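Working notes, structure below.
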Amino acid sequence: MTLTPSTDVVTRELRGKVLLVTLDHAPVNALSADVRRGLLAAIEAADNDPAVKAVLIVGAGRNFIAGADIREFGKPPLPPALPDVCNRIEACAKLVVAAIHGAALGGGLEVALAAHYRIAVDGAKLGLPEVQLGLLPGAGGTQRTPRLIGAQAALDLIVSGRHAGAKEALALGLIDRVGHSGDVLAEGLAYVQELLASHAPVRRTRDALALSDRAASLAAVATARAETAKKSRGLFSPLKIVDAVQAAIEQPFDEGLRVERNLFLQCLDSPQRAGLIHAFFAEREVLKAPETRHATPRALNTIGVVGGGTMGAGIAVAILDAGLPVTMIERDDASLARGRAHIEKVYDGLIAKGRLNAEKKADIMMRWQGSTSYDALAGSDLVIEAVFEDIDVKKAVFAELDRVCKKGAVLATNTSYLDIDAIAASVSHPQDVIGLHFFSPANIMKLLEVVVPKQVSADVVATAFELAKKLRKTPVRAGVCDGFIGNRVLAVYRSAADAMMEDGASPYQIDAAVRAFGFAMGPFQVVDLAGGDIGWATRKRRAATRNPAARYVQIADRLCERGWFGQKTGRGFYLYPEGSRHGVPDPEVEAIIDTERTRAGIAPRTFTDDDIMRRYMAAMINEGANVVHEGIALRPLDVDVTFLYGYGFPRYRGGPMKYADTVGLPTILADIREFAKEDPLFWKASPLLIDLVERGADFASLNQTA
Ligand code: 3HC
Ligand code: NAI
């Protein structure tokens, strides 16, 4: 029997004495306003109906509840508020039980904590991940969790935002029972019957006693505060979480809820929340490239990699880690042995850290085979080429692939800069050729630029996205140009940094300003880490085609001429005494810079950190706009995800294009026009940026159009 009125998204059904309340709001039962309304109405109905002795809350589909509806944040609030719904659930006079499967995250777990008893089935994921969105649990989570499981465990869960499985949740005291049958509804109903039969009392989490040792709880808060201050690098919400949990210890429940609310609203208002939520949706949007909507991926059971150097070996590890077999091709036996050794080194490192054992490593290596003959690739579904960055070498490799690979095999290149259209044109089936631009170290870095040449067929693009999924990479669709999205934009803001260095800022000041902005490393640290010789080789290659009118800063060349390639040679922009990975400023480098300034006839001037970041970001944003304007990136958000996942851009700022919207595009354009007074060739405003400013629009307005 169905009691009316159920809503579309929350249905009620009386099962004997139990009111079964099912949230059915695809895809993840997020707690949108109508779900909250339906839930509230269900609890009211239960309280008002003498036939109802207990309420069982379950979620339809694959999850219990994924949390508050993130899409509502930043918009005017709609009643009823989630904290009120949770309080109402907790106040219910009838027994309320939550039966959890899949995700019970954020507001979803808060609903469960407001229930009187909780059961979760195997495979459930419980957590309060709000911190990852720049928030804190805002529906009682910071008050109920510590009361239920203690301050220390609650802080660990909420500050990290991690998920706990059903078994761990039981051990923590977050839930009362684990069901093993896999049928959440049957488990939930049986549990409610059992509670009713044993006359289990209504039991409210607000009255739970895990904080009764006040001194120990406050000590846990003090420790968490110190650790969080150290680790949370510029993030706003983690310390607010500690404040909220402290209030749970020091204040009565209702007052604690008020403190939590206040802190939650502060987080909600912060630009970090907007940046992190932009990142959350952007990393999901990039998966929906046009080709993935209508084309079916080809098979991906056997993969070949040509080249066992830095990238080939890293890519092979990524493939092995996904459980797939890999065939590696190298030039000769010695190179092949080196390629295998590179791979083994990764796994030996894990063994040394206790994260793998020798037996597992042997199992993994069973899936690796190597050869110096391309014939070994005859059965491969996909081959990824990662040989030297030289178009003739690459074309020769593709000619071999063309000869040996089966019909329909996908042929991919990991080139950083070369013209993939030209590579495709050199084989007999150009529609099978695509760019798969991994980042170093390829087994760790999440970004995968899927570079789409003119002639490629849609199912090959879909296959690339499928590969990314299998390898747990974040794919971004990019068009063919020099450097695709990431390296093309990088080249421009690197030039801006070089110009500032020559004009008077030290590389150390620039790096420090960039770190203070939130990047893990500054541009000159990155050069030292990657090896200055790589960029030097590229610069030499391009010298002949460089626009002679363009400014060219030679400082990096002066360092490379001395063999100072960075960490691997013990010095670059920084000194690395005795193999240290931590660089220290080098007075000799500063002297070289001075000499270069004199040579170039430049009187050095001072830059504030703000001056540095304005130029650095304007260069990045302007080239990002060009990349969108030319259709190299589908949308601004694709540029954002590229930088978040491949270039260490601070996630809480959402990416360069989101950051530009936050600052305001007119401000960015005005900066560019001001900088153009010194160097009009370099600081040429992107037509897209000009157009958006003229229309009073922002980058976000272009994010819906893929
Ligand atoms: N609100 C709105 N939409 C959501 C959402 C949410 N909380 N969680 C997921 N979605 C959307 C996704 O954007 C995606 O939409 P799309 O299909 O249009 O791209 C769709 O649901 C499916 O999501 P996933 O692709 O991520 O599906 P998975 O099965 O891979 O993962 C999940 C499911 C583990 C639930 C994952 O989506 C997730 O981690 N969601 C966010 C959980 C979270 O952060 N909750 C806390 C919210 S803040 C809060 O609750 C505040 C409260 O304290 C007041
Ligand atoms: P690397 O020099 O470390 O490795 C290249 C490997 O290719 C060597 O082991 C070499 O023996 C092998 N090789 C050369 N010619 C071959 C042939 N004809 N057949 C089989 N093997 C051959 O170079 P790295 O750094 O791994 O770069 C490879 C490719 O990846 C390049 O195109 C590079 O631009 C690109 N790339 C490099 C990144 C990096 O950070 N190193 C990042 C992203 C892409």
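Note: hydrogens, waters and symmetry copies are ignored here, and every other heavy atom, side chains too, is used. Each ligand, and each atom within it, is numbered from 1 in the order the structure gives. From a predicted model like this one, the values you see are computed outputs, not experimental measurements. Along the sequence shown, the residues carry numbers beginning at 1.
Remark: Arg472 CZ is loosely packed, at most 12 non-hydrogen atoms of other residues, nucleotides or ligands lying under 6.0 Å away.
Under a 4.0 angstrom heavy-atom cut-off, Arg338 registers as lying outside contact with ligand 2. Heavy atoms of Phe438 approach ligand 2 to within less than 4.0 angstrom. Using a non-hydrogen distance threshold of 4.0 Å, His437 registers as a contact of ligand 2.
At the top of the distance list for atom 17 (C) of ligand 2, counting protein heavy atoms only, stands Arg331 CG, 3.5 Å. Of the protein's non-hydrogen atoms, the one nearest atom 36 (N) of ligand 2 is Ser416 OG, 3.2 Å.
With ligand atoms numbered from 1 in the order given, ligand 2 contributes 18 (N) to contacts under 4.0 Å with heavy atoms of Val397. For ligand 2 and Glu330, the ligand atoms under 4.0 Å from any heavy atom of the residue are 6 (C), 7 (O), 8 (C), 9 (O), 10 (C), 11 (O), 12 (C), 13 (N), 20 (C), 21 (N), 22 (C).
Ring-plane geometry between Tyr647 and Phe439 is classed as perpendicular, the angle between the planes exceeding 60 degrees on a 0 to 90 degree scale with a lower cut at 30.
At a cut-off of 3.5 Å, with distance as the only test, no side-chain donor of Thr415 or His437 sits close to an acceptor on the other residue. Looking only at atom types and distance, the side chain of Tyr645 has no donor-acceptor partner in the side chain of Asp640 under 3.5 Å away. Inspection of the Asp34 and Ser32 side chains reveals an N or O donor paired with an N or O acceptor under 3.5 Å.
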Val480 vs Val451, side-chain contact (heavy atoms from CB on, under 4.5 Å): CA-CA, chis, key distance, verdict: CA-CA 6 Å; Val480 175; Val451 191; 3.9 Å; yes
side-chain contact (heavy atoms from CB on, under 4.5 Å) between Glu110 and Arg144, intermediate numbers included: CA-CA 8 Å; Glu110 291 174 298; Arg144 289 192 178 92; 5.9 Å; no
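Using a 4.5 Å heavy-atom cutoff, the side chains of Ile423 and Lys394 are in contact.
Here atom 29 (C) of ligand 2 lies nearest to Val387 when heavy atoms of Val387, Asp332, Leu418 are compared.
A donor-acceptor distance shorter than 3.5 angstrom exists from the side chain of Ser371 to the backbone of Ser373, with no hydrogens or angles considered.
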Kindly print each ligand 1 N/O atom paired with any protein N/O atom under 3.5 angstrom away, one pair per line, or none if nothing qualifies.
from: ligand 1; atom 1: 1 (N); to: Ala68; atom 2: O; distance (Å): 3.4
from: ligand 1; atom 1: 1 (N); to: Ile70; atom 2: N; distance (Å): 2.9
from: ligand 1; atom 1: 7 (N); to: Ala68; atom 2: O; distance (Å): 2.8
from: ligand 1; atom 1: 18 (O); to: Lys288; atom 2: NZ; distance (Å): 3.4
from: ligand 1; atom 1: 19 (O); to: Lys288; atom 2: NZ; distance (Å): 2.8
from: ligand 1; atom 1: 26 (O); to: Arg284; atom 2: NE; distance (Å): 2.7
from: ligand 1; atom 1: 26 (O); to: Arg284; atom 2: NH2; distance (Å): 3.0
from: ligand 1; atom 1: 45 (N); to: Ala66; atom 2: O; distance (Å): 2.8
from: ligand 1; atom 1: 50 (O); to: Ala68; atom 2: N; distance (Å): 2.9
from: ligand 1; atom 1: 50 (O); to: Gly107; atom 2: N; distance (Å): 2.8
from: ligand 1; atom 1: 53 (O); to: Glu110; atom 2: OE1; distance (Å): 2.7
from: ligand 1; atom 1: 53 (O); to: Glu130; atom 2: OE2; distance (Å): 2.5
from: ligand 1; atom 1: 53 (O); to: Gly138; atom 2: N; distance (Å): 3.0

